[in-house]
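Reviewing the structure listed below.
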Amino acid sequence: MAAELKQKEIVPWHDFVAGSLGGMAQVTVGQPMDTIKTRLQIEGPNGRFVGPMDCFRKTIKNEGFLGLYKGMASPLVGVAAVNALLFAAYSNFKKIQEPYPGGPLTLTQIGIAGSGAGIVNAVLASPVELLKIKMQAQYGAGSSVHYSGPVDCARQLIKQHGIRHGLMRGYWITVIREIPGYAGFYAGFEGMKRYLTPAGETPATYPLGLLSLMASGASGGVSYWFACYPLDMLKSMIQNQSNPPKGAFYIVDAAKQVYREGGIKPFFRGFSPTIIRAVPAAAATFTTYELVMRALSEL
């Protein structure tokens, strides 16, 4: 049966190259909306922005168009390691669950593999996103600019708070976010791929067209944010604080603080630009990854 056809063995360095290029595509396409998302997330109830369009206009007015790309250096430099680790971990978690080498997995198993990959990936994603958020939070110029770049930001954080409470601040909320996030990410992607694959074929052996790959990637990206957005909002708030959070239950304390601001609504600050960003960014990520993997498999 077609569903039982064995897929090609994944070569580790293929995963590294494809994951790196996919991540670069994601950062390049998604950074402007990511900046707007982050700025809305870290603003309190009486912040300087009244919504996504207001944030967009004020950012361009005060910082120029390149202001939308603040904080891009950190994920662009770190994306090779982050995405390579993510996709490699995902491939290995899938392999562990296969009934036989190259055997089919259920969407539940795909989600489990995604969660496992997210947990592994958090060790790199957390500091990379911390530096990105710190840079994006710098609005305008002059006294509001505390860091000249991600390297300076990392140096100052380590000097003031050490590695654990400085550079790795927000690690555990990142882990908690990645568990449902990447379950949705990969299950959404794989589910749409299976839906778009002709009857009698399997995504492992049938090469989908470019538009189908983009639609599958977009489905994965949107699924990621629907699965974990409130946790991402908490992560941004925690990582942007001037001082490290205190206590073993700092995530619960942060959630209570946000809830007191206005109930559930503040947990979804910046949600609309995030979903708008997710469609092209995730489409670019997965399409690039899949096409590069196909090209490398022919070598």
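Just the heavy atoms: all of them, side chains too, but no hydrogens, waters or symmetry mates, feed the values below. For the single chain, residues carry numbers from 1 onward in sequence order.
Put simply, CZ on Arg194 and CG on Leu208 are 12.0 Å apart, with the number rounded to the nearest 0.5 Å. The OG atom of Ser236 lies 4.0 Å from the CD1 atom of Ile133; values are rounded to the nearest 0.5 Å. The CZ atom of Arg169 sits 10.5 Å away from atom CD1 of Ile238, with the distance rounded to the nearest 0.5 Å. Here the CE-OG distance, from Met168 to Ser126, works out to 5.0 Å after rounding to the nearest 0.5 Å. For the atom pair CD of Gln257 and CZ of Arg260, the computed distance is 6.5 Å after rounding to the nearest 0.5 Å. To the nearest 0.5 angstrom, Arg57 atom CZ is 10.5 Å from Ile36 atom CD1.
Classification of the Phe267-Tyr259 ring pair by plane angle, with boundaries at 30° and 60°, yields tilted. Under the 30°/60° scheme for interplanar angles, the aromatic rings of Phe87 and Tyr186 are found to stand perpendicular.
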Practice problem: May I have the step-by-step check of salt bridge (charged side-chain N to carboxylate O under 4.0 Å, His left out) for Glu98 and Lys94, ending in yes or no? | Solution: CA-CA 6 Å; Glu98 289 173 352; Lys94 283 199 302 180; over 6 Å; no
Note to self: Please determine whether ring pair (Phe, Tyr, Trp, His ring centres under 6.0 Å) holds for the pair Phe185 and Tyr182, giving the CA-CA distance in whole Å, both sets of side-chain angles, and the decisive distance to 0.1 Å.
What the structure shows: CA-CA 4 Å; Phe185 188 65; Tyr182 278 111; 5.1 Å; yes
With salt bridge (charged side-chain N to carboxylate O under 4.0 Å, His left out) as the criterion, how do Asp253 and Lys246 come out once you've worked through the C-alpha distance, each side chain's angles and the decisive distance to 0.1 Å? CA-CA 9 Å; Asp253 293 337; Lys246 296 179 180 180; over 6 Å; no
(request) Show your working on side-chain hydrogen bond (donor to acceptor under 3.5 Å, both in side chains) between Asp34 and Gln136 and close with a plain yes or no. (result) CA-CA 9 Å; Asp34 186 75; Gln136 289 173 326; 2.9 Å; yes
Practice task
Take Asp54 and Arg48 through the test salt bridge (charged side-chain N to carboxylate O under 4.0 Å, His left out) and record every step on the way to the result.
Solution key: CA-CA 9 Å; Asp54 183 53; Arg48 60 171 64 94; over 6 Å; no
Checklist entry - Does the pair Gln41 and Tyr229 meet the rule for a side-chain hydrogen bond (donor to acceptor under 3.5 Å, both in side chains), with working shown? => result CA-CA 10 Å; Gln41 285 180 329; Tyr229 191 81; 3.1 Å; yes
For this session: Give the intermediate values and the outcome of side chain to side chain contact (heavy atoms under 4.5 Å, CB included) for residues Met72 and Thr35.
Result: CA-CA 9 Å; Met72 183 175 175; Thr35 298; over 6 Å; no
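Counting only heavy atoms from C-beta outward, the side chains of Lys37 and Arg277 never approach each other to under 4.5 Å. Taking the side chain as every heavy atom from C-beta outward, Leu157 and Tyr147 approach each other to under 4.5 Å. The shortest distance between side-chain heavy atoms of Leu40 and Pro273 falls below 4.5 Å. Residues Phe286 and Ser216 fail the side-chain proximity criterion, which asks for heavy atoms closer than 4.5 Å. Using a 4.5 Å cut-off on side-chain heavy atoms (C-beta onward), Phe226 and Phe271 make contact. In this structure the side chain of Trp225 reaches within 4.5 angstrom of the side chain of Asp232, judged on heavy atoms. At least one side-chain heavy atom of Asn121 sits under 4.5 Å from a side-chain heavy atom of Glu178.
Contact detail for Glu298 and Arg294: the closest heavy-atom pair is CG-O, 3.3 Å. Considering all non-hydrogen atoms of both residues, Leu213 and Phe189 come closest at O-CE1, 4.4 Å. Contact record, Glu261 with Pro266: OE1-CB, 4.0 Å, taken as the closest heavy-atom pair. When all heavy atoms of Leu124 and Ala81 are compared, the closest pair comes out as CD1-O, 3.7 Å. Looking at every heavy atom in both residues, Gly118 comes nearest to Leu86 through N-CD1, 4.3 Å. The minimum heavy-atom distance between Lys70 and Arg39, with the atom names listed, is CD-NH2, 3.5 Å.
Donor-acceptor pairing under 3.5 Å is lacking for the side chains of Glu43 and Tyr139. Using modelled atom types, one finds a donor on one side chain and an acceptor on the other under 3.5 Å when comparing Tyr224 with Arg177.
Gln239 pairs with exactly one of Lys235, Met237, Gln241 by the side chain to side chain contact (heavy atoms under 4.5 Å, CB included) rule, that one being Lys235.
Both Val120 and Val123 sit in one connected hydrophobic cluster of ILVMFWY residues. Membership requires side-chain heavy atoms under 4.5 Å apart, directly or through other members. Each of Tyr206 and Leu107 belongs to its own hydrophobic cluster when Ile, Leu, Val, Met, Phe, Trp and Tyr are linked at side-chain heavy-atom distances under 4.5 angstrom. Hydrophobic clustering keeps Val29 apart from Met24 (ILVMFWY residues linked when any side-chain heavy atoms are closer than 4.5 Å, directly or through intermediates).
For the side chain to side chain contact (heavy atoms under 4.5 Å, CB included) test, residues two or more places apart in sequence or in another chain that qualify with Ser115 are Ile179, Ala183. Every residue two or more places apart in sequence or in another chain that forms a salt bridge (charged side-chain N to carboxylate O under 4.0 Å, His left out) with Lys193 is listed here: Glu290.
Aromatic ring centres of Tyr90 and Phe93: separated by at least 6.0 Å.
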